[in-house]
Amino acid sequence: MILKSVCALDCPDTCALDVHVDATGRAIKLAGDREHPITRGFLCGKVAKYLEREYHPERLLYPMRRTGAKGEGRFERIEWGEALDEIAARLSGVARAEGPEAILPYSYAGTMGFLNGAGMDRRFFHRLGASRLDRTICSAAGGEALTLSQGIKLGMEPEQFAHAKLIIAWGANVLGTNVHLWPWIVEARRKGAKFYVIDPIRNRTGNAADKHFAIYPGSDLALALGLIHVILRESLEDREYITAYTNGFHELMKLARDYPPERVAPLTGIAASEIEMLAREYGTARPAAIRLNYGVQRSERGGSAVRAIAALPVVTGSWRELGGGLQLTTSGAFELNRAALERPDLQCKSALGREARVVNMARLGHALVELSQPRVSALIVYNSNPAAIAPHQNKVLSGLRREDLFTVVLEQFQTDTADYADIVLPVTTFLEHTDLYLAYGHYYLQLARPALHAPGETKSNVEIFRLLAQRMGFADECFRDTEDDMIRAALASDSPYLRGITLERLEAEKSIRLSVSPSGAPFLPFASGGFRTKSGKFEFGAASLAYTPPAESRWGNAELAKAYPFELVSAKNDDSMNSTFGHRAEVDRQTSLLCIHPLDADSRGIVEGMPVEVFNTRGSCFFQAIFDDRLPRRVLRARSVRWNKHAPARYGVNCLTSDRLTDLGGGPTFYNCLVDVKPHLDGTFGTAK
Ligand SMILES: Nc1nc2c(c(=O)[nH]1)N[C@H]1C(S)=C(S)[C@@H](COP(=O)(O)OP(=O)(O)OC[C@H]3O[C@@H](n4cnc5c(=O)[nH]c(N)nc54)[C@H](O)[C@@H]3O)O[C@H]1N2
Ligand SMILES: Nc1nc2c(c(=O)[nH]1)N[C@H]1C(S)=C(S)[C@@H](COP(=O)(O)OP(=O)(O)OC[C@H]3O[C@@H](n4cnc5c(=O)[nH]c(N)nc54)[C@H](O)[C@@H]3O)O[C@H]1N2
Ligand code: SF4
Ligand SMILES: [Mo]
């Protein structure tokens, strides 16, 4: 039998799944839905093997209480009743003694489902009056940039890439992180399109390109301004589009004058002639598409870089054309009734009686170690593994080690974070619960019902927060809502994009294209303006776009760059989903490697295959060196994110990354990270600084 589901992982593709089950209800195979217009019958390698994870002997099946020291990972099984009572008692105690803001939820996109990711959990914490988490860890800088410039997070439909004559993957590892866009790129190339990649790293996508521009990390803003400079110098802009639909062009023109290719070349590592060539091709290829991904905005000037890159299809008027424009995300079209789902209004009924303070998740170490009034005394983690994925790991871990911090972790696996929990609660996977899914790489809204039985005593996040609400005595009706009630509430939106979408239709069709255009017609979001800024125009925002190099970069803080001369980029691993598949031996191996240019290795006495120590003032960790002569000099590559507990000395790459924030949105700057590297000859692994 084949049952339908949806991949809940944090990926732009949000695939529709066929779950093949045998007569006993056990899954025997996962496949991509052939009928789904985006999934088109195939899955990425990591999820094609998801059943290995689903039925893994190390799945957490029972609630547990910690018996060893924090971080040690020793636990005993307890009953659900006991676990919930203890959590409710501890949270009530903290709320009474220190105020509910001393409680901090910590979650991200372990599941992208609305109900389990931003549903009953939000209601619970709002009603409690807990600190609100600013969920910045991934896309905040780029999101804020698009909101400022476009007024809404919309982008090209993936289907329309097939019509482009030039496609630029800008900080976008399409083959690794967004593989369902690839068939349209292939189709466009078959019709003669060129495919270019702008990325410090030559990964699979760069290897498959017609041309790869190996840019220095964090210098994209300079490149974008350089491209605009040449486009304007050569009069390749679309004056009509600019006059009708934009604000601040004059200031942009003035700013771009300061970025001739000769100036931009040393800043970016891309030759002036190449910059000119790229600008000319982009300015003349009709239509031209940019797949911008989040790699670009994980840097100190990342928000401004996104604003400047998003200005390109506006300056050239490329948005007018089928196959033209840019895609960073499509998520803005999913205008569900978030207030009904999340119920922020419940905050005024909480013990706090007002809106709670906001805590930035990208600075978890700071929140746990330094934040006061009140101090964080209880931490509830779900859909995330901050001990491995959050920046400035040593600070995060010293926070998690605090004896006076009560920590609860809802998990499927015994992650690094779960090792620090006082109570661990076992949760279902997306194959085992109901949820509603948006996408950030296409325009289909999808419903999934449980395809498989929940093993052991696992429960969904929704159910756990519902039970906790009861234990806390929250009598509000919304805590009795079923999953279907919640979906109906979310769909009760007056957005035209959601017109005609009901739970009944979702039940029947599973996946429904938002009403972004008349049925079947391509969606061209900004073909004739339609920006959602206050002015209704695209806001270039040139006043904030002057380029300064990131502090942690080769042209940044000179003293720092002298002490730590290597730029470490720890971007995604093709076979991972952040830390989610860290239990797999193959993933562990991939994430244990450090790519280094052979001449750089030579300068440090490193030979291929050697264990090396990478370090800076924040910490140090160990890798095995492998050579890559296509890396720009003084750029190192590590694939993220390894489980700390599998790494020597139990420190992952994020003990090196900084908790400095981006220029917009308060996002993390994972990819601006200065380090040094040396051979690790003695074979023993000391503790990190
Ligand atoms: N296989 C796989 N897929 C994933 C994930 C995963 O871990 N593995 N994670 C998911 C998540 S959470 C996200 S947010 C998306 C992210 O998807 P992407 O944004 O595509 O992934 P990243 O690896 O973060 O960054 C993309 C590329 O940007 C490059 N890059 C880094 N710094 C710079 C820079 O300064 N300038 C430029 N131009 N490029 C730069 C990186 O080398 C990388 O190749 O992928 C999702 N899909
Ligand atoms: N160095 C470096 N660090 C990075 C990045 C990088 O590129 N480099 N990428 C950053 C980015 S873009 C992101 S988005 C973050 C991602 O960081 P996280 O959001 O923490 O993502 P994962 O590491 O995939 O961990 C998700 C966890 O959620 C659990 N989970 C899955 N489904 C459920 C569920 O239904 N309920 C509960 N309770 N748990 C569930 C999984 O078992 C898994 O352990 O990492 C960031 N960290
Ligand atoms: S991770 Fe992405 S590509 Fe892989 S199955 Fe899930 S949605 Fe599809
Ligand atoms: Mo992400």
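Atoms within each ligand, like the ligands themselves, are counted from 1 in listed order.
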> Between Leu410 and ligand 2, is there a nitrogen or oxygen pair with a distance under 3.5 Å?
Replying inline: yes

>> Suppose the cut-off is 2.8 Å; how many protein N/O/S atoms fall inside it around atom 6 (Fe) of ligand 3?
In response: 1

>> Within the 4.0 Å heavy-atom shell around His180, which atoms of ligand 3 are there?
In response: 3 (S), 8 (Fe)

> Any ion pair linking Arg363 and Asp659 (charged N to carboxylate O, less than 4.0 Å)?
Replying inline: yes

> Charged N to carboxylate O under 4.0 angstrom, Arg634 versus Glu567?
Replying inline: no

>> Regarding Asn672 and Thr669, do their side chains bring together a donor and an acceptor under 3.5 Å, going by distance alone?
In response: no

>> Show the atoms of ligand 2 that are less than 4.0 angstrom away from any heavy atom in His433.
In response: 35 (O)

> Between Glu483 and Arg449, does at least one N-O distance fall below 4.0 Å, as a salt bridge requires?
Replying inline: no

>> Could you check whether Arg554 makes a cation-pi contact with Tyr216, meaning its NZ or CZ is under 6.0 Å from the centre of the six-membered ring and within 45° of the ring axis?
In response: yes

> Is any NZ, NE, NH1 or NH2 atom of the basic residue among Lys29 and Glu54 found under 4.0 Å from an Asp or Glu carboxylate oxygen of the other?
Replying inline: no

> In terms of atom number and element, which parts of ligand 2 are under 4.0 angstrom from non-hydrogen atoms of Val653?
Replying inline: 1 (N)

>> Any donor-acceptor pair under 3.5 Å linking the side-chain atoms of Ser304 with those of Arg307?
In response: no

>> Using a 4.0 Å heavy-atom cut-off, which part of Arg53 comes near ligand 2: side chain, backbone, both, or neither?
In response: side chain

>> Residues around ligand 1, heavy atom under 4.0 Å from any ligand atom, sorted by chain and number. Can you pull those?
In response: Asp10, Lys46, Cys138, Trp170, Gly171, Ala172, Asn173, Gly176, Thr177, Ile198, Asp199, Pro200, Ile201, Asn203, Ile215, Pro217, Gly218, Asp220, Asn293, Tyr294, Gly295, Val296, Arg298, Tyr440, Val569, Ala571, Lys572, Asn573, Asp574, Ser576, Met577, Asn578, Tyr671

> With a cut-off of 4.0 Å, which atoms of ligand 2 are near a heavy atom of Thr428?
Replying inline: 35 (O)

>> Does this structure show an ion pair linking Asp419 with Lys645, if we count only N-O contacts that are shorter than 4.0 Å?
In response: yes

> Can Asp121 and Asn461 be counted as having a side-chain donor-acceptor contact under 3.5 angstrom?
Replying inline: no

> Quick one: which ligand 2 atoms are inside 4.0 Å of a heavy atom on Thr415?
Replying inline: 44 (O)

Could you pull out all donor-acceptor pairs under 3.5 Å where a side-chain atom in residues 452-460 meets a protein atom, sequence neighbours excluded?
residue: Glu457; atom: OE2; partner: Arg77; partner atom: NH2; Å: 3.2
residue: Thr458; atom: OG1; partner: Pro455; partner atom: O; Å: 2.7
residue: Ser460; atom: OG; partner: Glu463; partner atom: N; Å: 3.1

> Aromatic rings Tyr50 and Phe430: how do their planes relate, parallel, tilted or perpendicular, breaks at 30° and 60°?
Replying inline: tilted

> Where's the contact between Asn383 and ligand 2, heavy-atom distance under 4.0 Å: side chain, backbone, both or neither?
Replying inline: both

> For ligand 2, which atoms, with element, lie under 4.0 Å from some heavy atom of Asn654?
Replying inline: 1 (N), 2 (C), 3 (N)

> Counting N and O atoms only, with roles assigned by atom type, does the side chain of Glu300 sit under 3.5 Å from a partner on the main chain of Gly218, one being a donor and the other an acceptor?
Replying inline: no

>> Run the salt bridge (charged side-chain N to carboxylate O under 4.0 Å, His left out) test against Arg584 and tell me which residues pass, sequence neighbours left out.
In response: Glu52

> Under 3.5 Å, N or O to N or O, is Asn461 touching ligand 2 that way?
Replying inline: yes

>> Regarding Glu586 and Arg639, does a basic nitrogen lie under 4.0 Å from an acidic carboxylate oxygen?
In response: no

> Do ligand 2 and Glu411 have nitrogen or oxygen atoms that lie under 3.5 Å from each other?
Replying inline: yes

>> Between ligand 2 and Tyr382, is the shortest N or O to N or O distance under 3.5 Å?
In response: no

> How long is the gap from OH on Tyr55 to CZ on Arg53, to the nearest 0.5 Å?
Replying inline: 14.0 Å

